[in-house]
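Input: a single structure, listed below in structure tokens.
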There are 2 protein chains.
Amino acid sequence: MYVKHQRKTTSNSQHQLFMAKRSKVNQRQRILDEAAKLFKEKGFAGTSMRDLGGEVGMEAASMYNHIKSKDEILESICFYVSNTYISQLAEVEKMDASYTKKVETLLRRHVYLMIEDGAAVSVANNDWKYLTGDKLIQFKEARKRYEQGFAALIEQGIAAGELQPVNVSVALFTILSAVRWVELWYRPGRGISAEDLERNIMTILLNGLAK
Amino acid sequence: MYVKHQRKTTSNSQHQLFMAKRSKVNQRQRILDEAAKLFKEKGFAGTSMRDLGGEVGMEAASMYNHIKSKDEILESICFYVSNTYISQLAEVEKMDASYTKKVETLLRRHVYLMIEDGAAVSVANNDWKYLTGDKLIQFKEARKRYEQGFAALIEQGIAAGELQPVNVSVALFTILSAVRWVELWYRPGRGISAEDLERNIMTILLNGLAK
DNA sequence: TTTAAAAACTAATACCTGTTAGTTTTTAAA
DNA sequence: TTTAAAAACTAACAGGTATTAGTTTTTAAA
């Protein structure tokens, strides 16, 4: 996560086939991953560095060889999520398709990230408020950018007659919230596959519950 | 809130027209109200008793004349919300109406509580995890009871052919989540009235976004 | 095997936490 | 005006917080 799928750079030394198992970047990543899980479970303020150290298998103080501060951990997680969302928006905006299709695609990716990275998404959704100073401002701006881009798609869909003429803000937030339970509820093996889950959500939001 | 609309009991002494402005119950209620606002804003773990005292206009220690502990504040808020939800469910279950109408009514009341008591609902939604021991178990049970009651209405609606044959759990959580943004977003004077808000949400969830 | 950097440790820092004890002030009825 | 209870206060507690400094161990290349 956060530096997703970053692979070991094969060294130019022939003697070294694999990088150290405990390289700086990997340990940092482990700390971020465990932090996301713990923050999701107990909240940022409810998680101590000693808790986190316990989970990582390291003294709290030792983690400072890999991270700058507790705040920096939160920042890394939050901006990984916001950057991912914004990239997805940018990709969809470039698509050559109907607005319905664009909304559907963006929503699908939105849900997909929740399934893939539930803990990080949860932290970005719930603990962003503990960001401070510039970082707080930047995060709010990023979120606003995503929301406005998403809203624009809905608005254009309505203007083109593809979507119901509902209040755009209400539609946007209803959609974005409607999928938030995924992060709380979904676990593989809940009796429903990720595909079925996506399809059901799409049906409800696009076609409604009533017959 | 929590002891909603409890009115001053007119004393049997004729000399006393009004109760003291700072009676024990009122001060306690003020503490609970300010706590709900603060917990919503900064989280339970992120709010100190000194923060709360500052907001109430009282030393932290002085509040212990009115409350038992910080945990008890959280319990009062959470159970006020869960009790309200469960009463609403019980009322709707007694109704003589179609399942669509029942689902709609329950959802309307659900949204109404969010509009009326956003801070308390927010705390019950986000900070319940800081409840401990019995209280945590009881709260989870109450939530489960509400969710199962709500799910039963949807299930019966599907069985009666009134609602789309979607996965009941997905429908339930999509609906319950869909309205959660109200607590984060809605403020009177946002350019949309509570009635319009309710109507728009109902339209999207019952009829869908697509035309 | 030597060497030096990286990553772990222990100990200590200054500060913040919820809560209690004891005291003073406020309130409201006698 | 007296009295007693209620509600505020100050001071202190024991323990938790993130973080730093200094030291030892581990790692991996020379």
Side-chain angles (χ1 to χ4, degrees), chain A residues 8-32 34-35 38-39 42-76 127 130-133 135, chain B residues 8-32 34-35 38-39 42-76 127 130-133 135:
Chain A
K8 328 170 202 249
T9 56
T10 41
S11 155
N12 42 11
S13 156
Q14 288 194 329
H15 304 107
Q16 183 194 11
L17 292 177
F18 299 106
M19 271 190 74
K21 267 173 192 148
R22 293 193 166 189
S23 76
K24 186 148 190 168
V25 55
N26 283 344
Q27 286 291 71
R28 181 185 155 87
Q29 199 53 50
R30 278 201 55 229
I31 292 170
L32 295 179
E34 292 300 329
L38 234 41
F39 291 172
K42 325 200 312 171
F44 175 75
T47 302
S48 73
M49 292 300 286
R50 288 166 179 82
D51 290 340
L52 180 52
E55 218 59 39
V56 174
M58 196 184 280
E59 289 300 314
S62 305
M63 293 190 289
Y64 286 81
N65 284 308
H66 305 284
I67 53 118
K68 251 178 61 187
S69 67
K70 192 187 177 191
D71 283 338
E72 192 222 11
I73 295 176
L74 181 64
E75 290 162 14
S76 298
D127 290 339
Y130 297 108
L131 291 170
T132 52
K135 298 293 177 179
Chain B
K8 330 173 204 242
T9 56
T10 41
S11 154
N12 43 11
S13 157
Q14 290 197 325
H15 302 108
Q16 183 193 9
L17 292 177
F18 300 105
M19 270 189 75
K21 269 173 191 147
R22 293 193 167 190
S23 75
K24 188 147 192 168
V25 55
N26 283 343
Q27 286 291 70
R28 181 185 154 87
Q29 201 51 52
R30 277 203 54 229
I31 293 170
L32 295 180
E34 292 300 329
L38 233 41
F39 291 173
K42 325 201 314 175
F44 175 75
T47 301
S48 74
M49 292 300 284
R50 286 166 179 82
D51 289 340
L52 180 53
E55 217 59 38
V56 175
M58 197 184 280
E59 289 301 313
S62 304
M63 293 189 289
Y64 285 80
N65 284 309
H66 306 283
I67 53 120
K68 249 177 61 185
S69 66
K70 192 188 178 191
D71 283 339
E72 191 221 12
I73 295 176
L74 180 65
E75 289 161 16
S76 298
D127 289 338
Y130 297 109
L131 291 170
T132 52
K135 298 294 177 177

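Below, chain A is the first sequence line, B the second, and so on; all start at residue 1.
Annotation: side chain to side chain contact (heavy atoms under 4.5 Å, CB included) contacts of A:Thr132 (sequence neighbours excluded): A:Asp71.
In this structure a side-chain-to-backbone donor-acceptor pair under 3.5 Å is present from A:Lys70 to A:Phe44.
One can place CZ of B:Phe44 at 8 Å from P of C:dG18, the figure rounded to the nearest angstrom. Between B:Arg50 atom CZ and C:dC15 atom P the separation is 14 Å, expressed in whole Å. Regarding A:Ile31, its CD1 atom lies at a distance of 10 Å from the P atom of C:dA7, rounded to whole Å. One can place CZ of A:Arg28 at 15 Å from C1' of C:dA7, the figure rounded to the nearest angstrom. Going from atom CE of B:Met49 over to atom P of D:dA8 covers 13 Å, rounded to whole Å. Summarising the geometry, the separation between NZ on A:Lys68 and P on D:dA18 is reported as 17 Å, rounded to the nearest angstrom. Residue A:His66 contributes atom NE2, which lies 5 Å from atom P of C:dA7 at whole-angstrom precision. Rounded to an integer number of Å, the gap from B:Glu75 CD to C:dG18 P is 15 Å.
Contact annotation: B:Gln27 reaches the phosphate of D:dA8 (side-chain N/O to OP1 or OP2, under 4.0 Å).
For the residue pair B:Leu131 and B:Leu74, the shortest heavy atom distance occurs at N-CD2, 3.7 Å. B:Leu32 approaches B:Ile73 most closely through the heavy-atom pair CD2-CG2, 3.8 Å. The two residues B:Lys42 and B:Asp51 make their nearest non-hydrogen contact at NZ-OD2, 3.2 Å. Of all heavy-atom pairs spanning B:Met63 and B:Gly53, the tightest one is CE-N, 3.5 Å.
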> In dot-bracket, 5' to 3', how would DNA chain D read with Watson-Crick or G-U wobble pairs under 3.5 Å, [ ] for crossing ones and | for pairs to another strand?
Replying inline: ||||||||||||||||||||||||||||||

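Checking D:dA18, C:dA8, C:dT19 against every side-chain atom of A:Asn65, the shortest atom distance belongs to C:dA8. Of the candidates D:dT17, C:dT19, D:dA8, the closest approach to any side-chain atom of A:Ser48 belongs to D:dT17. Counting only heavy atoms from C-beta on, B:Ser69 has its side chain closest to C:dT19 among C:dT19, D:dA18, C:dA7.
Taking a 4.0 Å limit (strictly below) on heavy-atom distances, residues 51-64 of chain B reaches DNA chain D at B:Met58, B:Glu59, B:Ala61, B:Ser62.
With values rounded to the nearest 0.5 angstrom, B:Leu38 atom CG is found 4.5 Å from B:Thr47 atom OG1. With rounding to the nearest 0.5 Å, the separation of CE in A:Met58 from CZ in A:Arg30 is 6.5 Å. Atom-to-atom distance recorded for A:His66:NE2 and A:Asn26:CG is 10.5 Å, nearest 0.5 angstrom.
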